[in-house]
**Q** 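The structure follows.
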Amino acid sequence: MRRVFLTGGTAAALVLCIHSLAFALGGNYPEGPLAEQHTDWPPGLFELAKSEGRVNGYWVNSNDFFFYRGDAESLEKFLAVYGKVGDTPLKVVLHAGVVPLTGSLGKPKTIPFDWQLNVVRRGWGVPLDPRRPKDDPGYVATIHIWLSDKLPLDRLKIPKHIDVSSAGDIQKFIERHKSRE
C-alpha cells in the first residue's frame, strides 16, 4: 500500500510540474535582426518590433516583450511607426525614475534600455474584446517609456491619436511622502 501511495504521489507531483510548465513557456529572441514573422499580428507591428535600437527581447506564452535604447529622435521615429500600426489600441505609458535593466530569461538583468514594446495577446494578460471573434482575439501593443536626460518629457513627440498615461511613479512618491506627515 505504501508503494502505491509513493508512486501515486510521485506521479501527481510530476503531473503538477508538467502542468505548470505548459503555462510558462518562454524564450529569448536572438541578437540581431528578427527573422520570425508573426502572421497573426496587426499590420505594421512586426516592422515596429524589428526596429533599430533593439537591445533585447523575449516571449512568454503568447506575449512578446522588446527592449530598445536610443535618443529622443530615435524614439520619435519609433513612435511614428507605432502610430501607423492597425488593429490594436495604441497606448504609451510614461515612467519616472532610473533607467531599467533587462536580460535574457532566467539570467541577471544587466542591459539598460529606454523604452519597451509589449505585445500581449488578448486573453493572456489583457481582457478579451467581445466584438472580436473567439478564434481571433487579437493583440494589444503598448509602449513604456522611461524619462531620462536622453528622453526628457519636453522633447517627446507622440502622435496625437495615441493614448498617453502615467505609470503612477510620481503619484506613488507623493502619496508616500504625504503619509509620513
Side-chain angles (χ1 to χ4, degrees), residues 23-38 40-122 124-126 138-174 176:
F23 288 109
L25 297 176
N28 297 299
Y29 284 105
E31 289 185 36
L34 291 175
E36 183 179 337
Q37 174 68 44
H38 291 275
D40 59 339
W41 276 7
L45 189 53
F46 185 72
E47 289 71 27
L48 180 68
K50 64 181 189 175
S51 292
E52 193 173 311
R54 184 175 65 85
V55 295
N56 193 33
Y58 56 83
W59 58 272
V60 177
N61 295 329
S62 289
N63 302 321
D64 297 86
F65 306 91
F66 301 97
F67 304 87
Y68 303 85
R69 193 170 32 226
D71 57 14
E73 185 179 324
S74 301
L75 177 59
E76 184 178 346
K77 290 177 186 174
F78 189 86
L79 291 169
V81 174
Y82 177 63
K84 296 175 186 169
V85 172
D87 197 28
T88 177
L90 300 176
K91 183 173 185 174
V92 167
V93 179
L94 300 177
H95 297 262
V98 298
V99 174
L101 300 174
T102 185
S104 296
L105 287 175
K107 305 267 176 146
K109 297 184 181 316
T110 59
I111 305 167
F113 65 96
D114 299 307
W115 67 90
Q116 173 180 343
L117 169 64
N118 295 349
V119 182
V120 180
R121 187 168 180 82
R122 289 187 176 276
W124 283 87
V126 294
Y139 290 86
V140 174
T142 305
I143 297 176
H144 293 263
I145 300 170
W146 278 261
L147 301 174
S148 66
D149 291 343
K150 283 174 35 180
L151 301 176
L153 186 58
D154 63 346
R155 296 240 0 246
L156 293 185
K157 294 182 182 173
I158 301 172
K160 188 175 181 175
H161 66 285
I162 295 175
D163 181 42
V164 178
S165 67
S166 166
D169 306 354
I170 294 171
Q171 187 60 35
K172 288 175 190 169
F173 172 82
I174 292 169
R176 280 193 316 269

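Side chains are part of it too, since the values below use all heavy atoms of this structure and drop only hydrogens, waters and symmetry mates.
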**Q** When you measure from the side chain of Y82 to the backbone N and O of K91, does any donor-acceptor pair fall under 3.5 Å?
**A** yes
**Q** Please state whether the rings of W41 and F46 are parallel, tilted or perpendicular, taking 30° and 60° as the class boundaries.
**A** tilted
**Q** Going from CD1 on I143 to CG on L48, what distance comes out if it is rounded to the nearest 0.5 angstrom?
**A** 5.5 Å
**Q** Any pair with a residue in residues 148-174 that passes ring-ring contact (aromatic ring centres under 6.0 Å, His included), sequence neighbours left out, goes on the list, sorted by first then second residue, please.
**A** none
**Q** Which heavy atom in F65 sits nearest to a heavy atom in F67, and how many Å separate them?
**A** O-CE1, 3.8 Å
**Q** Should we count CG of L105 as having more than 12 external heavy atoms under 6.0 Å?
**A** yes
**Q** T142 vs V120, test: side chain to side chain contact (heavy atoms under 4.5 Å, CB included). Steps then yes/no.
**A** CA-CA 8 Å; T142 305; V120 180; over 6 Å; no
**Q** Minimum heavy-atom separation for A141 to L117, with atom names?
**A** CB-CD1, 4.2 Å
**Q** Do you know which two heavy atoms are closest between S148 and V99, and how far apart they sit?
**A** CB-CG2, 4.2 Å
**Q** In Å, rounded to the nearest 0.5 Å, how long is the span from OH of Y139 to CH2 of W124?
**A** 10.5 Å
**Q** Could you give me the CA-CA distance, side-chain angles and deciding distance for F66 and D64, then say whether side chain to side chain contact (heavy atoms under 4.5 Å, CB included) is met?
**A** CA-CA 7 Å; F66 301 97; D64 297 86; 3.6 Å; yes
**Q** How would you list, by chain and number, every residue that makes a salt bridge (charged side-chain N to carboxylate O under 4.0 Å, His left out) with D40, sequence neighbours excluded?
**A** R121
**Q** By the salt bridge (Lys or Arg N to Asp or Glu O under 4.0 Å) test, which pairs, at least two apart or in different chains, include something from residues 44-55?
**A** none
**Q** For a quick test of your reading: what N or O donor-acceptor pairs under 3.5 Å do the side chains of residues 152-160 make, sequence neighbours left out?
**A**
none

**Q** Starting at CH2 of W59, measure out to CG of L25 and round the result to the nearest 0.5 Å.
**A** 5.5 Å
**Q** Listing request: all side chain to side chain donor-acceptor pair (under 3.5 Å) pairs with a residue in residues 93-116, at least two apart in sequence or in separate chains.
**A** N56-T102, H95-H144, D114-K150, Q116-N118
**Q** Any side chain to side chain donor-acceptor pair (under 3.5 Å) pairs touching residues 66-81, not counting sequence neighbours?
**A** D71-S74
